[in-house]
> 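Before we start, here is the structure in question, set down as structure tokens.
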Amino acid sequence: MAFFLPQQIEPWLVLAFAATIFMIGLIGLMIRRNILIILMCVELMLNSVNLTFVTFSSIHEDLGGQMAVFFNIVVAAAESGVGLGLLIAMFRTLRSVDTDDIRLLRQ
Amino acid sequence: MEMSPFFFMLFSVVAIACSLLMVLKKNPVASALNLVMVFFCFAGIYALLGAHLIAALQILVYTGAVMVLFVFVIMLLNQDVPSFDLAQSHAAVKAVTVTGGVVVLGMLVWVFRTTVWGPPTGGHTQAMIERAGGNTSAISQLMFSEYILPFELTSVLLLAAIIAVVAIAMRKDKLERLSGKGNHT
């Protein structure tokens with residue numbers, strides 16, 4: 001093999017990958033100010049948590065982890081629906097998707 | 001773990017690259033399409049881990065429903081234009097966030113690397129899942145026996161979310177007319 005390829009995938013490698021994606025989502029959540037991208041970062045973080053659940057389900061041979069992922073997907077769908085509803089209400093009030101424009105209490 | 005190293009590395013490298021692009025891209029539509037790619041890679045990794053039902057749900061719910069909703073809202077609000085918010089963020093906030101994120105990530109990887117997992121205790125071994133008729137069948141049996149109450153409660157959650165979205169996104173005058181408060185106007 002020309003490039004690095006481990007012989008076998010260890011569980012910690014999958015968990016480290018999920019943690020990397022979570023941290024990318026968290027950093028994006030903090031440094032972006034476009035609320036559309038902030039909501040996408042939240043979805044990314046929820047997904048990485050799902051991957052952690054599935055990995056532990058595989059490590060411990062317990063299907064309860066995959067059930068937790070099922071409920072997590074339902075909650076994430078409801079969350080994105082409500083989040084986008086709030087986004088539309090915000091855009092109607094402010095005509096902007098920039099979170100720095102939310103300063104109605106300061107004026 | 002019994003999975004192909006080549007496909008795991010392929011999916012994970014593509015997912016990390018696309019999620020970085022998602023955070024850094026200026027155009028929200030480009031971000032959304034990169035996020036779709038990340039979700040497909042996640043579905044591939046779920047399938048590699050043997051969670052076939054979760055992999056299918058990932059594609060149906062996330063890349064199918066949630067991302068269509070996102071693109072729909074981007075188009076509805078006419079936001080498919082470059083947004084230069086990243087350049088305007090404070091440099092100090094960026095530096096602190098990236099440093100803190102990398103430090104916490106290093107700690108997490110160290111913990112995962114050094115922890116020794118005990119022998120599997122769950123009882124859902126490969127042989128048991130195959131006897132039950134595959135991953136989907138085993139999960140369905142679990143869902144409609146042990147987890148029946150939370151499963152039914154998800155329907156209440158989704159109903160509450162639908163009502164909340166309608167109440168939030170409806171125009172204010174329409175909402176008042178519906179609730180009988182704005183009759184005098």
Side-chain angles (χ1 to χ4, degrees), chain A residues 5-12 14-17 19-21 23-28 30-34 36-37 39-41 43-44 47 50-51 54-55 57-64 66-67 69-71 73-78 80-82 84-89 91-92 97-98, chain B residues 1 3 5-6 8-9 12 15-16 19-20 22-23 28 31-32 35 38 42 45-46 49-51 54 57 61 65-66 69-70 73-74 77 79 83 85-86 89 93-94 97-98 101 104-105 108-109 112-113 117 120-122 124-125 138-139 142-143 147 150 154 157-158 161 164-165 168-169:
Chain A
L5 250 190
Q7 285 301 307
Q8 201 194 356
I9 298 298
E10 301 287 333
W12 73 267
V14 188
L15 293 173
F17 164 67
T20 310
I21 295 286
M23 281 304 158
I24 290 172
L26 186 63
I27 290 170
M30 297 294 285
I31 68 176
R32 289 306 293 253
R33 295 193 303 190
N34 188 330
L36 283 158
I37 303 199
L39 277 174
M40 286 183 210
C41 288
E43 294 293 328
L44 196 64
N47 256 279
N50 285 351
L51 181 58
V54 172
T55 314
S57 153
S58 168
I59 291 173
H60 294 300
E61 292 184 347
D62 191 338
L63 285 180
Q66 295 184 25
M67 282 310 300
V69 172
F70 175 80
F71 295 125
I73 287 176
V74 175
V75 172
S80 70
V82 174
L84 290 168
L86 283 170
L87 199 164
I88 289 175
F91 188 80
R92 191 180 294 139
V97 290
D98 195 330
Chain B
M1 264 185 210
M3 64 158 111
F6 173 73
F8 175 75
M9 290 316 250
S12 56
I16 288 175
S19 54
L20 280 175
M22 187 213 93
V23 170
S31 286
L35 192 55
V38 176
F42 267 81
I45 293 174
Y46 291 148
L49 282 165
I54 300 298
L57 278 180
V61 175
V66 171
L69 198 61
F70 264 99
V73 168
I74 292 170
L77 302 184
Q79 286 299 314
S83 100
D85 59 312
L86 191 57
S89 292
V93 173
K94 276 189 222 169
T97 315
V98 173
V104 174
L105 175 63
L108 280 173
V109 171
F112 292 145
R113 185 75 204 265
W117 316 110
T121 51
H124 295 102
T125 57
I139 288 192
L142 208 60
M143 187 188 292
Y147 291 90
T154 55
L157 173 77
L158 285 174
V165 169
I168 289 168

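Lettering of chains follows the sequences in order, A, B, ..., and the numbering in each one begins at 1.
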> Measure the acute angle between the ring planes of A:F71 and B:Y147, then classify it against the limits of 30° and 60° as parallel, tilted or perpendicular.
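A:F71 and B:Y147: tilted rings.
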> Tell me every residue that passes ring pair (Phe, Tyr, Trp, His ring centres under 6.0 Å) with B:F70, counting only those two or more places apart in sequence or in another chain.
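B:F70 satisfies ring pair (Phe, Tyr, Trp, His ring centres under 6.0 Å) with no other residue.
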> Of the backbone (N, CA, C, O) and the side chain (C-beta and beyond), which part of B:L35 lies under 4.5 Å from a heavy atom of chain A, both, or neither?
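Side chain of B:L35 only, per the 4.5 Å heavy-atom cut-off to chain A.
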> Please state whether the rings of A:F17 and B:F42 are parallel, tilted or perpendicular, taking 30° and 60° as the class boundaries.
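A:F17 vs B:F42 ring planes: tilted.
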> Examine whether an atom of B:L108 lies under 4.5 Å from a heavy atom of chain A, and if so say whether it belongs to the side chain, the backbone or both; otherwise answer neither.
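It is the side chain, since no backbone atom gets that close.
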> Where does B:V98 contact chain A at under 4.5 Å (heavy atoms): side chain, backbone, both or neither?
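The answer is both parts of B:V98.
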> As an exercise: rank A:L36, A:L87, A:I88, A:L26 by heavy-atom pairs under 4.5 Å with chain B and give me the winner.
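Looking at each option in turn, the highest pair count goes to A:L36.
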> Report which part of B:A15 has an atom under 4.5 Å of a heavy atom belonging to chain A: side chain, backbone, both, or neither.
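Both parts, backbone and side chain.
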> So, do B:P28 and A:N34 sit near enough that their side-chain heavy atoms are less than 4.5 Å apart?
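In contact.
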> Taking side-chain contact (heavy atoms from CB on, under 4.5 Å) as the definition, give me every residue that meets it alongside A:I73, ordered by chain and number, with sequence neighbours left out.
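Checked A:I73 against side-chain contact (heavy atoms from CB on, under 4.5 Å); matches are A:N50, A:V69, B:L57, B:V61, B:Y62.
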> Heavy atoms only, distances under 4.5 angstrom: which of B:A164, B:G50, B:P150 has the most pairs with chain A? Name it, please.
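Among the listed options, the one with the most contacts to chain A is B:P150.
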> Please classify the contact of A:R92 with chain B as side chain, backbone, both or neither, using a heavy-atom distance under 4.5 Å.
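The answer is the side chain of A:R92.
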> By a 4.5 Å heavy-atom criterion (distance strictly below it), what part of B:I168 contacts chain A: side chain, backbone, both, or neither?
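Looking at B:I168, backbone and side chain both touch chain A.
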